[in-house]
Amino acid sequence: MQLAGVGVWSSQLRYGDPAASAEAAAELEELGYTALWIPDVGGPVFDSVGNLLQATKQVVIATGILNLWMHEPADVSTNYNKLVTEHGDRILLGIGVSHAPLIDAGEPGRYSKPLAATRAYLEAIDATEQPVPVERRVLAALGPKMLQLSATRANGSHPYLVTPEFTAQARAALGDGPLLLPEQTVILTTDRDEARAIGADWLRSYFGLPNYANNILRSGFTQEDIDTVSDRVFDAIIAWGDEEAILRRVREHHAAGANHVCIQVLDADPRAYPREQWRRLAAALA
């Protein structure tokens, strides 16, 4: 599977009202977005994938990212193949190892050896009667070893909460062949105070997860940047401003080696579908 252009990453499409999500997905396809990405922090993720496939005709539906601790490999292969049979070859299965604080909250000590857990999960999928093809799966990868695994046991990487500089480093680690599909968070406002009011606490919640905090530190930021959500780290992770400012950041990812960039629009109401912002950005991309 090849994937280019710009997509949309949206928690609303995953956890919002199914009818509203289906309507939004159909519009996003008409607007020209090439993939729709949905997260997974529990629940029947393939029901959501099926709902979006049913509402669309050509756009790729991707999991960003399926939590390997929450789904049995056999169930993943069964559901994937059932949906491909019903809707065609439009599913990209993003798989990730999640974060220790989330997984251990329900079962202390369950989260361990993320690289080995991911490798074992892929091996279990490959051992099913109808495996998910390697070229139809990507991994959440930030560290060098996980990036290497995503190049050899999957069709590339879907990194989240990263900068164009990280994209360049990831491309160098992956080589020319594998897909590199970064997420880019955006806020459509030219007012810094408004942008920070929308995004600072959101960003702080991710900085509380070691995987992301460690990657930010590896990217040249300081613990103080993380603790204070400094303007420096805020501006590096979240693209905010007018349409041109957002598209400039997207172009930076593409120039750094991304095949495809999925934009996640933050709004003052985190539960609302940011349809006006999606339309404005699509118009700017056209």
Side-chain angles (χ1 to χ4, degrees), residues 1-10 32-37 39 60 62-65 92 94-96 135 137-188 195 199 203 206-207 211-222 225-226 230-266 281-282 284-286:
M1 175 180 286
Q2 293 301 311
L3 191 56
V6 177
V8 165
W9 194 105
S10 171
Y33 293 107
T34 56
L36 306 181
W37 295 78
V60 171
T63 55
I65 204 111
L92 182 61
I95 300 171
E135 61 270 21
R137 63 197 194 200
V138 293
L139 302 182
L142 296 175
K145 292 182 179 180
M146 196 67 80
L147 281 166
Q148 183 181 24
L149 189 66
S150 71
T152 57
R153 299 301 305 277
N155 193 21
S157 173
H158 169 53
Y160 184 94
L161 213 73
V162 296
T163 65
E165 291 76 16
F166 175 90
T167 295
Q169 295 167 8
R171 174 50 72 197
L174 290 171
D176 292 336
L179 294 174
L180 181 54
L181 316 167
E183 174 270 350
Q184 176 61 60
T185 306
V186 309
I187 303 173
L188 262 173
L203 198 54
Y206 281 104
F207 287 170
N211 294 9
Y212 291 128
N214 290 336
N215 194 56
I216 294 299
L217 293 172
R218 285 196 301 266
S219 298
F221 296 93
T222 67
D225 286 320
I226 291 173
S230 69
D231 284 349
R232 176 172 175 254
V233 75
F234 186 94
D235 295 349
I237 299 297
I238 297 179
W240 62 274
D242 60 13
E243 290 89 337
E244 179 54 34
I246 305 303
L247 298 189
R248 185 164 54 248
R249 180 69 62 86
V250 170
R251 289 192 292 265
E252 289 173 357
H253 280 289
H254 279 134
N259 301 91
H260 165 93
V261 180
C262 50
I263 54 175
Q264 177 180 188
V265 176
L266 297 188
L281 290 169
L285 285 163

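Heavy atoms only: backbone and side chains are in, while hydrogens, waters and symmetry mates are out. Residue numbers run from 1 in the order of the sequence given.
- Nearest heavy-atom pair across L3 and W37 is CD2-CZ2, 4.1 Å.
- Between A140 and G96, the shortest heavy-atom contact is CB-CA, 4.0 Å.
- In this structure, S150 contributes its side chain and V138 its backbone to no donor-acceptor pair below 3.5 Å.
- With T185 contributing its side chain and Q264 its backbone, the two residues share no donor-acceptor pair below 3.5 Å.
- To the nearest 0.5 angstrom, L142 atom CG is 7.0 Å from S157 atom OG.
- In plain terms, the two heavy atoms of L139 and A154 that are nearest each other are CG-CB, 3.9 Å.
- Minimum interatomic distance between L179 and R171 (heavy atoms only, all atoms of both residues): C-NH2, 4.2 Å.
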Verdict with supporting geometry, L161 and N215, side chain to side chain contact (heavy atoms under 4.5 Å, CB included):
CA-CA 9 Å; L161 213 73; N215 194 56; over 6 Å; no
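- In this structure, CG on L92 lies 9.0 Å from NE2 on H158, to the nearest 0.5 angstrom.
- With rounding to the nearest 0.5 angstrom, the CE atom of M146 is 12.5 Å from the CZ atom of R153.
- Across every non-hydrogen atom of L180 and N259, the tightest pair is N-OD1, 2.7 Å.
- Rounding to the nearest 0.5 Å places CG of L266 at 5.0 Å from CD1 of I187.
- Open room surrounds CD on Q148; 12 or fewer heavy atoms of other groups in view lie less than 6.0 Å from it.
- Annotation for A213 and I226: closest pair O-CD1, 3.7 Å, computed over non-hydrogen atoms.
- With a 4.5 Å cut-off on side-chain heavy atoms, L188 and L281 count as touching.
- To the nearest 0.5 angstrom, L203 atom CG is 7.5 Å from I216 atom CD1.
- W240 contributes atom CH2, which lies 9.5 Å from atom CD1 of I246 (distance to the nearest 0.5 angstrom).
- Side-chain atoms of Y33 and C262, non-hydrogen and from C-beta on, never get closer than 4.5 Å to each other.
- Ring geometry for Y212 versus Y160: interplanar angle of 30 to 60°, hence tilted.
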Run the numbers on E183 and V162 for side chain to side chain contact (heavy atoms under 4.5 Å, CB included), then give the verdict.
CA-CA 7 Å; E183 174 270 350; V162 296; 6.0 Å; no
For R249 and V186, what are the C-alpha separation, side-chain angles and deciding distance, and is it a side chain to side chain contact (heavy atoms under 4.5 Å, CB included)?
CA-CA 9 Å; R249 180 69 62 86; V186 309; over 6 Å; no
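- For the side chain to side chain contact (heavy atoms under 4.5 Å, CB included) criterion with P164, the lone passing option out of H253, H254, R251, Q169 is H253.
- A side-chain donor-acceptor contact under 3.5 Å links Q184 to the backbone of I237.
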